[in-house]
2 protein chains.
Amino acid sequence: MNKDAVNIYDIARMSGVSIATVSRVMNGSEKVSEKTRKKVMDVIGKVGYTPNVFAQGLGLNTMHTVGILVPTIADQYMSSAVAYLETELIKHGYDCILGNSGFDMEGKQKKTEMLLSKHIDSLILVGSTYAGDGSDTNATEYIRAAAKRVPVFIINGNVNGENIYASVCEDEKAVYEAATSMLRRGRKNIVFLTDSHSYSANKKKNGYERAMKSVGKAAKEAKDGIIYVENHIHRVRDQLLAMENLKCDGIIASNDMIAIGAVKYALAKGMDIPEDIEIIGYNNSTLAISCAPEVTSIDNHTEEICKDTVDRIMKILDGGEEKLSHKISVPCTLIARETTM
Amino acid sequence: MNKDAVNIYDIARMSGVSIATVSRVMNGSEKVSEKTRKKVMDVIGKVGYTPNVFAQGLGLNTMHTVGILVPTIADQYMSSAVAYLETELIKHGYDCILGNSGFDMEGKQKKTEMLLSKHIDSLILVGSTYAGDGSDTNATEYIRAAAKRVPVFIINGNVNGENIYASVCEDEKAVYEAATSMLRRGRKNIVFLTDSHSYSANKKKNGYERAMKSVGKAAKEAKDGIIYVENHIHRVRDQLLAMENLKCDGIIASNDMIAIGAVKYALAKGMDIPEDIEIIGYNNSTLAISCAPEVTSIDNHTEEICKDTVDRIMKILDGGEEKLSHKISVPCTLIARETTM
């Protein structure tokens, strides 16, 4: 008998016991009699079956563990998402194993493998970096491979494929609305600052460009308003200060860290905020209220999305049968503070 | 044969193979012949031995995994510490499993058990909350129990016991020096803000009290200068604003979040910073530079401590024999910014 073809059902049938009993033996439960334990283990010995192959079986020998992958836990958005996820998972009796993948392809693949090797029941990828830029399907092949083993959930990113579920924020719409509201207030030169080419960053850029075009700006002009920066407060400030021809009265940033760099730029220039320049950040994080003036920020409802994701995981793990929608969209909310009129 | 008394050595002896081979069979390695695999599994079947009991054996079947416990990963200090630890561990081929324990005794004990059940090679506790208040030994009994199973490392806290290793910052000295430098600059009414009764918070308080007494303040007066607050920017600000008799020209806070609350208080009062009031935070986090004015902060060298901790773990796990010192102290550094003269 080919050991790869043997599963828990076979062991149960060959031992003349129930699947639950085999599972109990595998988990070292006290409730199994020595006689039954020996019978099951004899069968396992006979078919040349090893514990690890076992544990990677049909999910019956669950470790009640969910793997969470983030590009970097040092980021505020990621660490709050992990905290929300963990709080919800624990309510359902699940523990979590964390992996930091970095932003490179190799790290993402390696850490996905690592988490899968820990006998996780499901995998959660946090952040749109895992969705690539939304066009290159090679860049997401490892996710489809993982989804053949466990259900995969992506927070704020979308990857197509069976057994893959996505929760995304309506970033395009949020930035479009933030930009058009600035335009309505008479702002003439709005720029968009970002550090990323991710799926989510691209949606935000699209929202910005669409708003610019809606007031008659040419495509090139709209594109020129997108400035790439580093995700670092002082470097954003210094980069903007070094741009001699930069004339802007409105800034939208793809996260709060970058928005604060923009605030520091405006302060260094002696501009009045929000009279001379309006600034909007993203994520509505603690950073936004750390700043003075406090930064208006787009709230992408991380807590709600994380709760929702865990609910959906439980529907699959507990029920099994329920049909989940592949993708859920959550609208964002603009939280107005002192950097907008 | 009592199954609990059987270990990997017995299985190897009874199968007539090496321990390494038994380990390979247990890990489902491809390098084991079908014949050898069957021989080992037959022995396992005969002695009524189950895989899980196996894995909890003598540590030979290492999962190359380190457990990391934090009270909350949403906190900036904790999330950067975890990022540093994970980066270092991965260099040595170790993965990490994360647990969020909360600040309650029950959560700490439960999550410690959870991590131990995942066959970790070592346990790292991040944050001085795990050291209790430094006096109650009952509150740290679960740590000594864990240390009977794996080496335990505490970051920024000290618990006595065998197989327990601590890395602490010299918080007492750092706060003493920060306060005396403010006193030297002529500040008359310095208060200390904290949200915690932890080991580390107590050291900071001691440093503050010692500095106050050094300029002739009575013990009671020094104690009265300690104000308990919530770890929340706006609530700190509002609490200070509500204290009608609060007259202070210097504030030292036990973390940057609280320091920023103090900055917001001073700004709301129309005070000039640092002329009318000096403010010093703690942890030298991103929050400190998010604020305007940027906050002077005490750097407790998290990255250095984390690297050091992983180095020490590897000395134990790789070498086994090396004698490690129980406790390492790391001095703090004051990073001067715009909230001090």
Side-chain angles (χ1 to χ4, degrees), chain A residues 3 25-29 34 37-38 40-56 63 65 68 72-76 78-80 82-84 86-87 90 95-100 111 114-115 118 233-234 256-257 260 263-264 267 286-294, chain B residues 3 25-29 32 34 37-38 40-56 63 65 68 72-76 78-80 82-84 86-87 90 95-100 111 114-115 118 233-234 256-257 260 263-264 267 286-293:
Chain A
K3 77 180 170 68
V25 171
M26 283 158 55
N27 288 311
S29 165
E34 209 40 50
R37 186 193 311 277
K38 192 169 174 326
V40 173
M41 290 308 290
D42 278 350
V43 170
I44 291 171
K46 263 181 213 136
V47 300
Y49 207 58
T50 54
N52 264 31
V53 180
F54 234 140
Q56 285 157 6
M63 302 282 282
T65 305
I68 302 179
T72 164
I73 193 68
D75 179 274
Q76 268 246 308
M78 309 296 163
S79 61
S80 9
V82 170
Y84 292 134
E86 215 261 356
T87 307
I90 214 69
D95 296 316
C96 71
I97 304 189
L98 180 76
N100 271 308
K111 283 307 179 85
M114 179 281 278
L115 289 176
K118 303 280 181 201
I233 293 171
H234 291 157
D256 288 333
M257 181 96 90
I260 288 169
V263 169
K264 304 267 170 176
L267 294 174
T286 306
L287 292 178
I289 59 166
S290 296
C291 193
E294 300 193 359
Chain B
K3 78 181 169 67
V25 171
M26 283 158 54
N27 288 312
S29 165
V32 186
E34 208 40 50
R37 185 193 312 279
K38 190 168 175 328
V40 173
M41 291 308 289
D42 279 350
V43 169
I44 290 172
K46 262 181 215 136
V47 299
Y49 207 56
T50 52
N52 265 29
V53 181
F54 235 140
Q56 286 158 5
M63 302 283 282
T65 305
I68 301 179
T72 163
I73 192 68
D75 180 273
Q76 268 246 306
M78 309 296 163
S79 62
S80 11
V82 170
Y84 292 133
E86 215 261 356
T87 307
I90 214 69
D95 297 316
C96 71
I97 303 188
L98 180 76
N100 272 307
K111 283 306 177 88
M114 180 280 280
L115 289 175
K118 303 278 181 203
I233 293 171
H234 292 156
D256 288 333
M257 181 95 90
I260 288 170
V263 168
K264 304 266 169 176
L267 294 174
T286 306
L287 291 180
I289 58 166
S290 297
C291 193

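Per chain, numbering begins at 1; letters A, B, ... match sequence-line order. No hydrogens, no waters, no symmetry mates; every other heavy atom, side chains included, goes into these values.
For the pair B/M41 and B/K38, the minimum side-chain heavy-atom distance is 4.5 Å or more.
Rounding to the nearest 0.5 Å gives a distance of 12.5 Å between CE of B/M257 and SG of B/C291.
A pairwise comparison of heavy atoms in A/E86 and A/C96 identifies CG-SG, 3.1 Å as the closest pair. Across A/A288 and A/I260, no two heavy atoms sit closer than the pair N-CD1, 4.4 Å.
Take B/D75 and apply the salt bridge (Lys or Arg N to Asp or Glu O under 4.0 Å) test, not counting sequence neighbours, and it matches no residue.
Using a 4.5 Å cut-off between heavy atoms, B/I289 contacts chain A through both its backbone and its side chain. Of the atoms belonging to B/L98, heavy atoms from both backbone and side chain fall under 4.5 Å from chain A. Residue B/I73 touches chain A through both its backbone and its side chain, counting heavy-atom pairs closer than 4.5 Å. Interface remark: B/I90 contributes side-chain atoms only to the contact with chain A (heavy atom separation under 4.5 Å). There is no contact between B/M78 and chain A, counting heavy-atom distances below 4.5 Å.
Comparing A/I97, A/L267, A/N100, A/I233 by how many heavy-atom pairs each has under 4.5 Å with chain B, the most go to A/N100.
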